[in-house]
Amino acid sequence: MPRGWTKKEVELIINDYFVMLLSKLEGTPFNKTQHRKNLSQMLLNRSMGSIEFKHQNISAVMIDLGLPYISGYKPRSNYQGLLKEITAACLDSFPELIKAIEIDVNKCADLQNMNDILKVLVYPGDESVWAKGGGHYSKLNKALARPPPNVKWNFLFDSI
């Protein structure tokens, strides 16, 4: 039966995760496989798969803490309570990561100003739906309620 992760092992893998996350946020390339190999030398009797899975658990913890995570590690939410506790504690000792997260969060997205979404949408084939003036919303509702032209719907009833 596999033994549970010790506090020291959890601290090591969290710090490794934080180093990779910092690289991601700064736009610096990193190699996940190399990180796992390096970590496996410090974590005796832990397989590469076990290390990968724990990185995925850390992604889930990061999401639960409302923080960014490494998208290459699909979040696995069934993690030990110790992992969340130590992750939160390790953040305090990693100020450069906190600063990188703050910078990432404060980046402004270039959003288009839309006063009326109907002026932006395109409905192929029925330009009258987008005619300016009164009633274009009701024309839109009618257009969306009916099937598009030239579509055969009898196939739905062939098996009845």
Side-chain angles (χ1 to χ4, degrees), residues 1-125 140 143-145 147-148 151-153 155-160:
M1 182 173 170
R3 62 181 172 80
W5 286 68
T6 66
K7 183 177 180 180
K8 182 67 177 164
E9 288 175 317
V10 171
E11 288 172 345
L12 284 170
I13 198 163
I14 288 171
N15 284 319
D16 179 65
Y17 187 97
F18 284 176
V19 168
M20 289 187 287
L21 181 58
L22 181 61
S23 294
K24 175 191 171 231
L25 293 172
E26 292 177 339
T28 307
F30 61 94
N31 185 315
K32 294 187 318 181
T33 303
Q34 192 58 51
H35 274 265
R36 275 195 310 276
K37 285 179 181 177
N38 294 343
L39 201 52
S40 71
Q41 294 172 1
M42 293 182 273
L43 301 173
L44 302 177
N45 300 319
R46 295 290 178 196
S47 68
M48 296 289 272
S50 175
I51 293 169
E52 170 101 7
F53 200 85
K54 189 60 77 173
H55 278 133
Q56 293 172 322
N57 287 149
I58 297 169
S59 287
V61 168
M62 297 298 282
I63 290 170
D64 288 348
L65 293 174
L67 297 169
Y69 67 99
I70 300 170
S71 57
Y73 286 118
K74 181 180 176 183
R76 303 281 185 154
S77 59
N78 189 17
Y79 54 81
Q80 65 189 129
L82 180 68
L83 187 62
K84 187 172 186 176
E85 180 184 314
I86 295 176
T87 300
C90 285
L91 275 170
D92 292 334
S93 62
F94 218 114
E96 54 272 11
L97 178 61
I98 293 171
K99 182 156 180 69
I101 291 171
E102 287 173 356
I103 291 169
D104 188 61
V105 167
N106 290 323
K107 286 180 184 172
C108 293
D110 184 22
L111 299 177
Q112 183 179 357
N113 184 6
M114 287 187 257
N115 294 327
D116 186 353
I117 195 163
L118 293 176
K119 292 178 183 173
V120 180
L121 293 176
V122 176
Y123 183 80
L140 173 65
L144 294 176
V151 174
K152 294 183 180 180
W153 293 95
F155 73 92
L156 293 173
F157 306 105
D158 286 348
S159 61
I160 297 178

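Predicted model only: the values in this text are computed from it and were never measured.
For the atom pair CD1 of I86 and CG of L91, the computed distance is 12.5 Å after rounding to the nearest 0.5 Å. Here the NZ-CG distance, from K37 to L39, works out to 13.5 Å after rounding to the nearest 0.5 Å. Atom CZ of R36 sits about 10.5 Å away from atom OG of S47, to the nearest 0.5 Å. Annotation: the span from N38 atom CG to L43 atom CG amounts to 11.0 Å, rounded to 0.5 Å. Between the CD atom in E52 and the CG atom in N57 there is a gap of 11.0 Å [rounded to 0.5 Å]. For the atom pair CG of L97 and CD of E26, the computed distance is 9.0 Å after rounding to the nearest 0.5 Å.
Of all non-hydrogen atoms in I101 and L25, the two that sit nearest each other are CG1-CD1, 3.6 Å. Of all the heavy atoms in S77 and A60, the pair that sits closest is CA-CB, 3.7 Å. In this structure, M62 and P68 approach most closely via the heavy-atom pair CE-O, 3.4 Å.
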Inset, instruction - Step by step, work out the side-chain contact (heavy atoms from CB on, under 4.5 Å) result for M42 and E9. - result: CA-CA 8 Å; M42 293 182 273; E9 288 175 317; over 6 Å; no
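Not a single side chain to side chain donor-acceptor pair (under 3.5 Å) links Q41 to another residue, sequence neighbours left out. Q80 meets the side chain to side chain contact (heavy atoms under 4.5 Å, CB included) test with W5, V10, K54, L82, L83; sequence neighbours excluded.
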Side-chain donor-acceptor pairs under 3.5 Å in residues 12-24, sequence neighbours left out?
{"unit_1": "N15", "atom_1": "ND2", "unit_2": "E11", "atom_2": "O", "d": "3.0"}
{"unit_1": "D16", "atom_1": "OD1", "unit_2": "H35", "atom_2": "ND1", "d": "2.6"}
{"unit_1": "D16", "atom_1": "OD2", "unit_2": "H55", "atom_2": "NE2", "d": "3.0"}
{"unit_1": "Y17", "atom_1": "OH", "unit_2": "S59", "atom_2": "OG", "d": "2.7"}
{"unit_1": "Y17", "atom_1": "OH", "unit_2": "I70", "atom_2": "N", "d": "2.9"}
{"unit_1": "S23", "atom_1": "OG", "unit_2": "V19", "atom_2": "O", "d": "3.2"}
{"unit_1": "K24", "atom_1": "NZ", "unit_2": "Y69", "atom_2": "O", "d": "3.0"}

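Judged by a 6.0 Å distance limit and a 45° cone about the ring axis, K84 is not positioned over the six-membered ring of Y79.
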